[in-house]
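Notes follow once the structure below has been shown.
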Amino acid sequence: QAAGHAPDSAQLAGALTRLSEMRNFATRLVCRHRQLVEHFGQSYEARDCGACDVCLAEVATVAGGTILAQKILSAVVKVGQRYGAGHVSDVLRGAATAALERAGHDQLSTYGLLKGHATGEIRGWIDQLVGLDLLRVAGERYPILVVAPLGGEVLKSQREVTLYEWPEP
């Protein structure tokens, strides 16, 4: 960009798309080789590559991943698919905030379902669900979470989900 020139909306949209793809690569904890090959339009037949962090089991799976995913997806539905990851995380943790109280979300059946988990942990699982196309992020200025069609299958117990714990830094 030339000094003093702001990017136009098409450039910004392209940059946001690329950023989203990079984020999905990092948070969609499936075989890294599969993701790269499929990104470039090819198919990857091997079950796993035997070389990346996921295939080498360097990340641990979370017990009951499908149930956990259902709780998160259900919270997104219960808040009307009109709030972002931070708000949904607060609902699931059972946070006592004015925003939750004002919206009546402290009265939802999903309120406090994951109260034993840290915010970062819940946000990591939300990111994984986005990366798996079970949740989608809509809106640019104020991003909200929306349940994707595949997420609906998880809610109906028609699809299993594997979620991973984020390794300690």
Side-chain angles (χ1 to χ4, degrees), residues 16-17 20-39 41 43-49 52-55 57 59-95 97 99-140 142-166:
L16 289 173
T17 298
S20 177
E21 289 172 358
M22 287 174 50
R23 182 172 189 236
N24 284 344
F25 180 79
T27 61
R28 183 178 173 229
L29 294 174
V30 299
C31 175
R32 307 300 184 178
H33 289 92
R34 173 181 300 281
Q35 288 186 78
L36 285 171
V37 167
E38 290 176 353
H39 173 78
S43 63
Y44 189 78
E45 302 303 324
R47 185 164 188 259
D48 66 59
C49 70
C52 73
D53 60 337
V54 176
C55 295
V59 288
T61 59
V62 176
T66 300
I67 300 296
L68 184 56
Q70 287 172 328
K71 289 176 181 180
I72 294 168
L73 294 166
S74 182
V76 172
V77 170
K78 295 283 185 183
V79 299
Q81 301 185 83
R82 295 179 27 219
Y83 292 86
H87 187 87
V88 171
S89 177
D90 284 348
V91 169
L92 289 162
R93 285 185 317 105
T97 68
L100 291 181
E101 197 173 307
R102 217 176 15 257
H105 294 163
D106 57 337
Q107 302 301 312
L108 296 174
S109 59
T110 53
Y111 181 78
L113 279 180
L114 300 178
K115 70 174 114 189
H117 298 279
T119 301
E121 194 174 22
I122 296 169
R123 293 293 295 267
W125 293 327
I126 289 172
D127 287 343
Q128 288 177 56
L129 294 177
V130 170
L132 292 169
D133 198 31
L134 302 175
L135 278 175
R136 293 190 180 147
V137 178
E140 291 179 23
Y142 300 105
I144 60 169
L145 294 174
V146 178
V147 176
L150 292 178
E153 292 178 16
V154 173
L155 283 170
K156 295 175 189 170
S157 298
Q158 298 170 337
R159 179 178 291 272
E160 296 288 314
V161 178
T162 300
L163 293 175
Y164 296 91
E165 295 180 20
W166 289 103

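These figures come from a predicted structure and were not determined experimentally. Computed from heavy atoms alone, side chains included, the values below leave out hydrogens, waters and symmetry copies. Position 1 is the first residue of the sequence, and the numbers go up from there.
Closest of all the heavy-atom pairs between Y44 and C31 is CE2-SG, 4.3 Å. The shortest heavy-atom contact between C49 and C55 is N-SG, 3.4 Å. L92 and A75 get closest at one heavy-atom pair: CD2-CB, 3.7 Å.
At most 12 heavy atoms of other shown residues, nucleotides or ligands fall within 6.0 angstrom of atom NE2 in H33. Residue E101 qualifies as open at atom CD: its count of foreign heavy atoms under 6.0 Å is 12 or below. Around the CD atom of E160, the shell of radius 6.0 Å holds no more than 12 heavy atoms that belong to other residues, nucleotides or ligands.
A distance-only check finds no donor-acceptor pair linking the side chain of Y164 to the backbone of W125 [under 3.5 Å]. In this structure, R34 contributes its side chain and A46 its backbone to a donor-acceptor pair below 3.5 Å.
Note that CG of L68 and CG of L73 are 9.5 Å apart. Values are rounded to the nearest 0.5 Å. For the atom pair CG (L132) and CG (L163), the distance works out to 7.0 Å, reported to the nearest 0.5 Å. A distance of 11.5 Å separates CG of L129 from CG of L150, quoted to the nearest 0.5 Å. Taking CG from L135 and CD1 from I72, the interatomic distance works out to 8.0 Å, rounded to the nearest 0.5 Å.
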Checklist entry - Given the rule in the side-chain contact (heavy atoms from CB on, under 4.5 Å) test, do Q70 and V154 qualify, once you have shown the distances and angles that lead to the verdict? => result CA-CA 6 Å; Q70 287 172 328; V154 173; 3.8 Å; yes

Let me check something: any side-chain donor-acceptor pairs from residues 77-90 under 3.5 Å, sequence neighbours excluded? List them with distances.
from : atom 1 : to   : atom 2 : distance (Å)
Q81  : OE1    : V147 : N      : 2.7
H87  : NE2    : H105 : ND1    : 2.7
D90  : OD1    : R93  : NH2    : 2.9

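When each of V76, L100, D106 is tested with V91 by the rule side-chain contact (heavy atoms from CB on, under 4.5 Å), just one qualifies, namely L100.
By the 4.5 Å heavy-atom criterion applied to side chains, R159 and L134 are counted as neighbours.
Between the side chains of E45 and S43, at least one donor N or O sits under 3.5 Å from an acceptor N or O.
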